[in-house]
Amino acid sequence: MMVVRSNERTSMVGGGFYNRNSSLQALVAEECGGLVLPSDVQGKTIILADYGCSEGSNSIRMIRKALESCPEECAITIVFNDTPANDYISLSSTIDRFLRVPEATKSRKIMPLMAPQSYYDQLVPDASVDIGFSTACLHWISRLQPASGDLLPNDADISAEVLSDISRFLCARYHEVRNDGHLLLSFPVDGELSLKCAYPSIFQSIKDLAAEGMISQAAASKFRLPFHFRTPEEINQALDAAREKWQVEKHFTRDVAHPAFLQFQSTLGSSSSGYPDAKALDAYSRAISGGFVAIIGNTVVDWARMFQDEASSSVSYSAETIRSRMVEKLQLRLRRSDFWRTPLGNKYVFLKLRKI
């Protein structure tokens with residue numbers, strides 16, 4: 001059978017930036033790792049795979065939690081997967097720091113591998129994976145990313161794309177996971193607790209980049225966020241389509257507040273005016289701007305490159321310069337807005353699936 005390669009190449013911002021600016025995702029990853037039971041990981045050799053590991057800090061938190069259920073005196077292969085554009089040098093350093101702490105692995109022998117390709121492809125041999133993970137990644141839609149080469153039209157049915165993407169992902173994992181093996185997933189969904197209070201500032205900051213000539217006006221006007229938060233109906237549709245391959249063992253939702261919001265909220269009680277302390281608001285807006293740019297900074301760069309021919313009079317700025325300036329612009333826009341009045345975080349769906 002011929003393998004159809006995905007053109008999806010977008011990655012999180014590397015150089016340690018995502019590791020430092022993904023505290024919300026870290027909480028989700030750790031909870032996902034806690035879903036592993038001792039009965040799920042029996043034997044002397046175990047293979048774990050993390051699909052969408054980025055720079056690895058959150059992946060390590062998840063793996064560390066999962067190791068608590070793994071038998072001692074066993075050999076554990078861990079496959080760290082992300083797109084070819086991922087920062088694998090940073091990932092390698094993160095893994096190395098983890099392996100240099102004997103208390104983290106105890107008497108278990110850990111063998112890390114890296115798989116630089118899209119998780120819509122099969123990555124490892126059939127029936128080889130004991131536990132597969134994917135945390136805070138599956139809300140990304142492949143055709144909402146300009147680097148895909150097949151950008152989704154504005155009037156396209158997003159629900160159809162959601163089902164197509166998750167079906168491709170589950171099909172690839174079905175080949176890789178052994179019989180009775182598990183797939184542990186978490187992804188953000190629509191809910192009262194969300195990140196949307198920051199969206200207006202994101203789009204304003206991108207317009208600011210265009211006003212300064214950092215990106216073209218066309219790139220700014222056509223920019224789209226590269227993800228979609230699923231509805232309960234879309235999740236149930238995907239699970240129903242896969243019911244002959246995967247049995248749902250756990251399916252629950254959890255509201256996860258952003259740690260920066262919780263820290264900021266704790267400062268509001270000391271304000272007699274009802275308005276935040278300037279220093280606290282500055283720290284909060286800096287944390288949230290860093291978090292968003294860690295996620296979508298490379299997408300903004302991709303949009304800039306897609307439309308740079310339409311701005312022939314503008315200077316071509318480096319990716320690092322565009323991302324750095326976006327952090328500044330977004331922080332300023334957030335500080336000027338009232339986003340701080342709204343609880344910031346996400347509702348997450350957690351799924352534990354068993355291969356039938």
Side-chain angles (χ1 to χ4, degrees), residues 4-12 52 83 85 118-121 134 136-172 185 187-192 194-211 214-242 292-293 295-312 314 322 326 329-330 333 337 339 346-349:
V4 179
R5 298 287 181 183
S6 168
N7 289 324
E8 187 270 307
R9 290 294 183 267
T10 303
S11 66
M12 302 297 98
T83 73
S118 171
Y119 53 50
Y120 293 119
D121 300 328
S134 185
C137 298
L138 294 179
H139 56 301
W140 281 70
I141 305 301
S142 59
R143 292 182 64 202
L144 287 180
Q145 301 170 48
S148 71
D150 185 23
L151 193 61
L152 190 67
N154 287 330
D155 59 352
D157 182 358
I158 289 290
S159 293
E161 290 297 316
V162 168
L163 182 59
S164 174
D165 276 359
I166 193 66
S167 296
R168 288 168 61 200
F169 178 85
L170 290 176
C171 181
L185 311 176
F187 47 87
V189 295
D190 280 329
E192 292 183 8
S194 77
L195 304 173
K196 292 181 179 179
C197 60
Y199 286 7
S201 296
I202 291 174
F203 286 98
Q204 284 295 333
S205 69
I206 291 171
K207 291 178 180 178
D208 291 340
L209 292 177
M214 301 286 294
I215 65 176
S216 72
Q217 293 289 344
S221 64
K222 296 179 184 297
F223 177 78
R224 299 162 70 185
L225 292 171
F227 44 75
H228 169 74
F229 292 170
R230 291 169 173 80
T231 65
E233 293 75 20
E234 289 169 342
I235 295 171
N236 290 332
Q237 184 182 21
L239 292 177
D240 186 60
F292 270 111
V293 174
I295 296 169
I296 66 170
N298 285 342
T299 303
V300 173
V301 170
D302 289 340
W303 279 98
R305 288 172 175 166
M306 175 180 286
F307 292 100
Q308 71 180 27
D309 288 342
E310 297 185 15
S312 56
S314 67
I322 293 173
M326 185 181 175
K329 292 295 185 182
L330 180 52
R333 285 292 180 178
S337 75
F339 91 106
N346 255 126
K347 179 183 289 293
Y348 282 85
V349 160

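Below, all heavy atoms of this structure are taken into account, side chains as well, without hydrogens, waters or symmetry copies.
- Separating the CD1 atom in I141 from the CG atom in D165 is a distance of 5.0 Å, to the nearest 0.5 Å.
- If you take CG on L170 and OG on S134, they are separated by 10.0 Å, rounding to the nearest 0.5 Å.
- Heavy atoms only, all atoms of each residue included: A136 and P188 are closest at CA-CD, 4.5 Å.
- Taking both residues in full, the closest heavy atoms of S216 and A210 are given as O-CB, 3.9 Å, listed atom of the first, atom of the second, then distance.
- One finds the CD atom of Q145 at 8.5 Å from the CG atom of D302 (value rounded to the nearest 0.5 Å).
- The shortest distance between side-chain heavy atoms of I295 and W140 falls below 4.5 Å.
- Ring planes of Y199 and F227: tilted class, angle from 30 to 60°.
- S205 places a side-chain N or O within 3.5 Å of a backbone atom of I202 that can act as its donor or acceptor partner.
- Shown here for I235 and V189, the closest heavy-atom pair between the two residues is CD1-CG1, 3.5 Å.
- Atom CD1 of I206 sits about 12.5 Å away from atom CE of M214, to the nearest 0.5 Å.
- Annotation: the span from L330 atom CG to I296 atom CD1 amounts to 7.5 Å, rounded to 0.5 Å.
- No donor-acceptor pair closer than 3.5 Å links the side chain of D240 to the backbone N or O of N236.
- Partners of S159 according to the side-chain contact (heavy atoms from CB on, under 4.5 Å) rule, which considers only residues two or more places apart in sequence or in another chain, are D157, E234.
- Contact between R143 and E161 at its shortest, heavy atoms only, is NH1-OE2, 2.9 Å.
- Two residues are said to be in side-chain contact when any heavy atoms from C-beta on lie closer than 4.5 Å; K329 and L209 meet this criterion.
- Between F187 and Y348, the distance separating the two ring centers is not shorter than 6.0 angstrom.
- With contacts defined as side-chain heavy-atom distances shorter than 4.5 Å, the pair I215/F307 does not qualify.
- S142 and R168 make their closest contact through OG-NH1, 3.7 Å (heavy atoms, listed as atom of the first residue, atom of the second, distance).
- T83 places no side-chain N or O within donor-acceptor distance of the main-chain N or O of S118, the cut-off being under 3.5 Å.
- Taking the side chain as every heavy atom from C-beta outward, N154 and K222 never approach each other to under 4.5 Å.
- Residues P146 and R224 have side chains not in contact (no heavy-atom distance under 4.5 Å, counting atoms from C-beta outward).
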Quick one, Y119 with F169, criterion ring-ring contact (aromatic ring centres under 6.0 Å, His included). Give me CA distance, side-chain angles, the key distance, then yes/no. CA-CA 7 Å; Y119 53 50; F169 178 85; 5.4 Å; yes
Steps toward side chain to side chain contact (heavy atoms under 4.5 Å, CB included) verdict (V300, M326): CA-CA 9 Å; V300 173; M326 185 181 175; 3.7 Å; yes
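- Scanning all heavy atoms of the two residues, the minimum distance from L163 to A238 falls at CD1-CA, 3.7 Å.
- Remark: H228 NE2 to L152 CG distance equals 11.0 Å, nearest 0.5 Å.
- Ring-plane geometry between F223 and W303 is classed as perpendicular, the angle between the planes exceeding 60 degrees on a 0 to 90 degree scale with a lower cut at 30.
- Between the side chains of D190 and T231, no donor-acceptor pair is found at a separation under 3.5 Å.
- Remark: K207 NZ is loosely packed, at most 12 non-hydrogen atoms of other residues, nucleotides or ligands lying under 6.0 Å away.
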